[in-house]
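A short write-up of the structure that comes next.
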Amino acid sequence: MANDASTVFDLVILGGGSGGYAAALRGAQLGLDVALIEKDKVGGTCLHRGCIPTKALLHAGEIADQARESEQFGVKATFEGIDVPAVHKYKDGVISGLYKGLQGLIASRKVHYIEGEGRLSSPTSVDVNGQRIQGRHVLLATGSVPKSLPGLEIDGNRIISSDHALVLDRVPQSAIILGGGVIGVEFASAWKSFGADVTIIEGLKHLAPLEDENSSKLLERAFRKRGIKFNLGTFFSKAEYTENGVKVTLADGKEFESELLLVAVGRGPVSAGLGYEEQGVAIDRGYVTVDEYMRTNVPTISAVGDLVPTLQLAHVGFAEGILVAERLAGLKTVPIDYDGVPRVTYCHPEVASVGITEAKAKEIYGADKVVALKYNLAGNGKSKILNTSGEIKLVQVKDGAVVGVHMVGDRMGEQVGEAQLIYNWEALPAEVAQLIHAHPTQNEALGEAHLALAGKPLHSHD
């Protein structure tokens, strides 16, 4: 292995996804000499196979639904079907524009970008393209890939992952989606909007099982109304090919058949075969273990993003990457409060939340110390105009701060920014209630919910 001794970088980053490139950009901004190594395309899963393309598909589905439903708004329009190549052209155009912009940012910050498959070769070096890249510190940010279940082989034909679903050349007539978490419900929502017959199989009791139970129930009600079928509370047993598709059998013997099976049971870390364990990096179930400052057990190595057992969200990766860069540059850093991270599931209707669930609050503070309030969007003018339904649920420590905001309804993801401030600044309901929210907006519903929790409801019943 040739040793590129011309430069010893302050920071060598293995992986150019959300966490890796955020650390590179922030590190360079702070004067660090940074090398960023990526085997595919900078931007990683989020930009190329995750957040951005899935939301583009969901928006295309929203347009399809609006065309079908236009007459209820007094607009005569016709829906003639989905042009799949044109949808992909739109989706890929969005990705391409963002990718070019990101490449420009990397170049403008003078980050030393290396395209190639890297491998950790010592606590202070990464081997790539026959060269050994030396650094005073190494950041591991190699991300994740779609997971499957024991005995279930994803073949890319009739049994597919989200990666395959994003480039599918047709709208399936029918699809079974294994997993009712974020990935599963988003694809169910998009495919239903495109005209597919969709069934979700979720082994736990609810769809979106990590959300507040009230949000899950509201989503289930909305999906029933849309004709999205789901089976809850029974785990998968096996899948097998039929003459024309796939048959899925559950643990209770119940069977489902469809054209395709989308396996959406989560994503697993990419850590095997990259030299991590050989260099003494502690790993648990494939995840690199870190402390609250993203430090591994090896002093010169940190890790961020989907590679570590924190929330698998692009914006979490951004924050973790920035934290590492700032720590290495000598700035004072504060550990991330993961409860304070906004979470959005971009199905129709959207599910958005920040803070803790009512059940978790009762577990922490005691059932008699927790107050919960639900504000129905039926009382919100803009939601009426948009013909969306749902609720905002607030969870408060009695006589104290709001510790959870849980929202279901179209465009609720756009309201989670203020909800994040409410939680992270430990706001009292009365403090939010005194703020004036613009009318008519859906954001106003957040203000109205806090007015009600503060004991002075306006457009809601006492």
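- Between Y423 and the options D337, V405, V402, a side-chain contact (heavy atoms from CB on, under 4.5 Å) holds for only D337.
- In this structure, CD on E278 lies 8.5 Å from CG on L120, to the nearest 0.5 angstrom.
- Within 6.0 Å of CZ in R411 there are 12 or fewer heavy atoms belonging to other residues, nucleotides or ligands.
- Classified by interplanar angle (parallel below 30°, tilted 30° to 60°, perpendicular above 60°), the ring pair Y90/H59 is tilted.
- Judged purely by distance below 3.5 Å, without hydrogens or angles, the side chains of H348 and D410 pair a donor atom with an acceptor atom.
- A salt bridge does not link K192 with D65: none of the charged nitrogens is closer than 4.0 Å to a carboxylate oxygen.
- Proximity of a side-chain donor or acceptor of H315 to a complementary backbone N or O of R343 within less than 3.5 Å is not detected.
- Heavy-atom neighbours of Q66 CD from other residues, nucleotides or ligands within 6.0 Å: above the threshold of 12.
- Atom-to-atom distance recorded for I154:CD1 and H164:NE2 is 7.5 Å, nearest 0.5 angstrom.
- Side-chain atoms of Y276 and T296 form no donor-acceptor pair, as typed in the model, at a separation below 3.5 Å.
- By the 4.5 Å heavy-atom criterion applied to side chains, R267 and I183 are counted as neighbours.
- Of the possible donor and acceptor atoms, one in the side chain of R109 sits under 3.5 Å from a partner among the backbone N and O of L25.
- Heavy atoms only, all atoms of each residue included: F9 and D33 are closest at CB-O, 3.6 Å.
- A donor and an acceptor atom, one from each side chain of T310 and E320, are located under 3.5 Å apart.
- K360 NZ: 12 or fewer foreign heavy atoms inside a 6.0 Å radius.
- Taking a 6.0 Å sphere around CZ of R136, one finds it holds more than 12 heavy atoms contributed by other residues, nucleotides or ligands.
- At most 12 non-hydrogen atoms from other residues, nucleotides or ligands lie less than 6.0 angstrom from CD of Q173.
- Counting only distance, with no hydrogens or angles, the side chain of D252 and the backbone of K254 share a donor-acceptor pair below 3.5 Å.
- The two residues R132 and S121 come nearest to each other via the heavy atoms NE-OG, 3.5 Å.
- A side-chain donor from one of S193 and R226 sits under 3.5 Å from a side-chain acceptor of the other.
- Open room surrounds CD on E117; 12 or fewer heavy atoms of other groups in view lie less than 6.0 Å from it.
- Atoms CD1 and CD1, on I114 and I133 in that order, are 4.0 Å from each other to the nearest 0.5 Å.
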message: Test side chain to side chain donor-acceptor pair (under 3.5 Å) on N214 and E358; report intermediate values, then the result.
response: CA-CA 9 Å; N214 185 66; E358 181 181 0; over 6 Å; no

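- For the atom pair L307 CG and L139 CG, the distance stands at 9.0 Å (nearest 0.5 Å).
- In this structure, NZ in K238 is found 15.5 Å from CG in L149, a value given to the nearest 0.5 Å.
- Of the candidates L232, L261, N231, N231 is the only one forming a side-chain contact (heavy atoms from CB on, under 4.5 Å) with I201.
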Exercise. Apply the test side-chain contact (heavy atoms from CB on, under 4.5 Å) to residues T199 and V248: give CA-CA distance (whole Å), side-chain angles for both, the deciding distance (0.1 Å), then the verdict.
Key: CA-CA 11 Å; T199 302; V248 170; over 6 Å; no

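- By the 4.0 Å N-to-carboxylate-O rule, K217 lies too far from E220 to be salt-bridged with it.
- Looking only at atom types and distance, the side chain of E211 has a donor-acceptor partner in the side chain of S353 under 3.5 Å away.
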Exercise for review: Begin from the C-alpha positions of L11 and L328 and carry the test side-chain contact (heavy atoms from CB on, under 4.5 Å) through to its verdict.
Suggested key: CA-CA 8 Å; L11 177 59; L328 295 177; 3.7 Å; yes

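- Put simply, the side chain of T124 never gets that close to the backbone of Q134: no donor and acceptor are under 3.5 Å apart.
- With hydrogens and angles left out, the side-chain atoms of N443 and E418 include a donor and acceptor closer than 3.5 Å.
- The line from OG of S258 to CG of N244 is 11.5 Å long, rounded to the nearest 0.5 Å.
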